[in-house]
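Report on the structure given below.
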Number of protein chains: 2
Amino acid sequence: MKDIRRRLIELFKNGYCTPRIARIARELQEPSTTIHYNIKRMEIEGLTKAYKAVFDYKKIGEGFCTYVLISLSPDEYGNPERVGRELVRFPQIESIDIITGDWEMLLKVRTKDIEEYYEFVKKALSKKGIVKTKSLSSLRQLKTEFVKVD
Amino acid sequence: MKDIRRRLIELFKNGYCTPRIARIARELQEPSTTIHYNIKRMEIEGLTKAYKAVFDYKKIGEGFCTYVLISLSPDEYGNPERVGRELVRFPQIESIDIITGDWEMLLKVRTKDIEEYYEFVKKALSKKGIVKTKSLSSLRQLKTEFVKVD
DNA sequence: TTCATGATTGAATATTATTCAAGAAATATA
DNA sequence: TATATTTCTTGAATAATATTCAATCATGAA
C-alpha cells in the first residue's frame, strides 16, 4: 500500500484546500460569482493566508501538545525575532508569539508523546539566546484553531 | 454594497473549505481517485475535523492576540471541563487547553484591540469557578495554526 | 451631473469532484 | 498453506463546481 495519508497530512497542515464556493453561495443566498469575486479579492489583498485542515491530533500521532514559555538572554532582548525566525522551520511548532510579561516568547508545540517532545526540546531549544524555558503541557484540548474538538 | 466579506470570514473560521483533489493528485503524482478515496476515509475515521482558512488577523480586525492563564477555585479542580465547555462558544477564543503547572487553563483569544479585549474579559472571564487570571499579550506573531505569518 | 472605480451578476466554458465497477493488495480465517 | 474477506487502487463516465467574460449597478469624487 502507498502511504498516501502521511503525505496528505503534511500538505493539509498549511494548505492545499480551497473555499467551497457553491456551498457558500447556497448558505449565504448569493450568486456564486459574487462569492467568487469576494474570495479572490480577499486573497489578493492578503486577508486570507491559507486554506488548511484541522486534525484530530491524537489520531494523526501528534497527541502531545505543550506550550513553551521562553526567556531570552539580555543581548537578544532587542531582537527576539531572530530567535523566532530560526524556530519557524520546525514542523512541530504550531505557533510562535513574542509576548509581554515575565517571558519573551511563547510556543505551541505538537509531538507524538513526551519522548518525542524531549527530542524536540534538545534540538530546537538549545539555540543561542534561549536561557530558560518552562513547559506547560496540555492535559486536554477543548478547542483548537477556532474548531471545537473532543 | 453587501457585506459579503464579514460573512465569509465567519464561515471560513471553522469550515466551508475543501481539499483540492486535482492539485494534490498532481503534486503527489497519484491518480485523483486514489487521493479522493484516502481523503474520504480520513474524514470518516475522524482524522480531519475541518477545512478552514487562516487569516492575516490584523487585516480582518482581530489584530490583538492574548494568551490567558486561568486559575480555578478549589471546588472546580475536579471538573475543569465544566468551565471550559462554557467558554467554547465565545468566537474570540481560538483555543482552550487544560494544562499542567501553576495554572489550570490556557486560552488564546483574538480581538480587535485592547478595548475589545477588556469587554471580552468582563463577559467571558467572570464565570463562577475562575478565581485568578493572567494575560500575556502577543506583541508579534511569527507563526499561527502552523502557517508562517508576517 | 459626469466620470471613474469597484461590486454584482447571468451565461458560457473549463476544470474538478464524485460515482461506479473492476481488479490488486493486504489481512483474516480455516 | 489455501481461501475468504476486507481494504485499497484505479480508469472511465458523469455530476457538480470553479472560472471567465461582459454587462450592469452602485458608490464616491471631481
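In what follows, chains carry the letters A, B, and so on, assigned in the order in which the sequence lines appear, proteins first and then strands, with residues in each chain numbered from 1.
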TODO: Please tell me which of B:Ser32 and B:Lys2 maps to the more 5' nucleotide of DNA chain C, matching each residue to the nucleotide holding its nearest heavy atom.
DONE: B:Lys2
[X] has an atom [atom1]; how far is it from atom [atom2] of [N], in whole Å?
X       : N      : atom1 : atom2 : value
B:Glu45 : D:dC8  : CD    : P     : 7 Å
B:Leu28 : D:dT10 : CG    : P     : 12 Å
B:Arg23 : C:dA14 : CZ    : P     : 22 Å
A:Asn38 : D:dA18 : CG    : P     : 15 Å
B:Glu30 : D:dG11 : CD    : C1'   : 14 Å
A:Met42 : C:dA7  : CE    : C1'   : 15 Å
B:Tyr37 : D:dC8  : OH    : P     : 4 Å
A:Ile39 : C:dA7  : CD1   : P     : 14 Å

Which nucleotide sits closest to the side chain of [X]: [options]?
X       : options               : value
A:Ala22 : C:dT8, D:dT9, D:dT17  : D:dT17
B:Thr34 : D:dT10, C:dT8, D:dC8  : D:dT10
B:Lys40 : C:dT8, D:dT17, C:dT18 : C:dT18
B:Ile21 : D:dT19, C:dA17, D:dT9 : C:dA17
B:Arg26 : C:dT9, C:dT16, D:dT17 : C:dT16

Strictly below 4.0 Å, N to O, side chains only: are [X] and [Y] in salt-bridge contact?
X        : Y       : value
B:Arg7   : A:Glu30 : yes
A:Glu145 : B:Lys52 : no
B:Arg41  : B:Glu45 : yes

TODO: Would you indicate, yes or no, if C:dT8 has its OP1 or OP2 atom less than 4.0 angstrom from a side-chain nitrogen or oxygen of A:Thr33?
DONE: no
- [ ] Please check the phosphate of D:dT19 (OP1 and OP2 only) for any side-chain N or O of A:His36 closer than 4.0 Å.
- [x]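 Yes, such a contact exists.
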- [ ] May I ask you to decide if the ring planes of A:Phe12 and A:Phe55 are parallel, tilted or perpendicular, using 30° and 60° as cut-offs?
- [x] tilted
Task: First of A:Ile4 and B:Arg20 reached from the 5' end of DNA chain D, by closest nucleotide - done: A:Ile4
Task: 5' precedence on DNA chain D between B:Thr18 and A:Arg5 (nearest-nucleotide basis) - done: A:Arg5
- [ ] State which residue, out of A:Lys13, A:Lys112, A:Arg110, A:Gln92, fulfils the side-chain hydrogen bond (donor to acceptor under 3.5 Å, both in side chains) condition with A:Glu62.
- [x] A:Lys13
Open item on the list: Counting the atoms with a prime plus P, OP1 and OP2 as sugar-phosphate, which does B:Arg41 contact under 4.0 Å by heavy atoms, base, sugar-phosphate, or nothing?
Closed with: sugar-phosphate
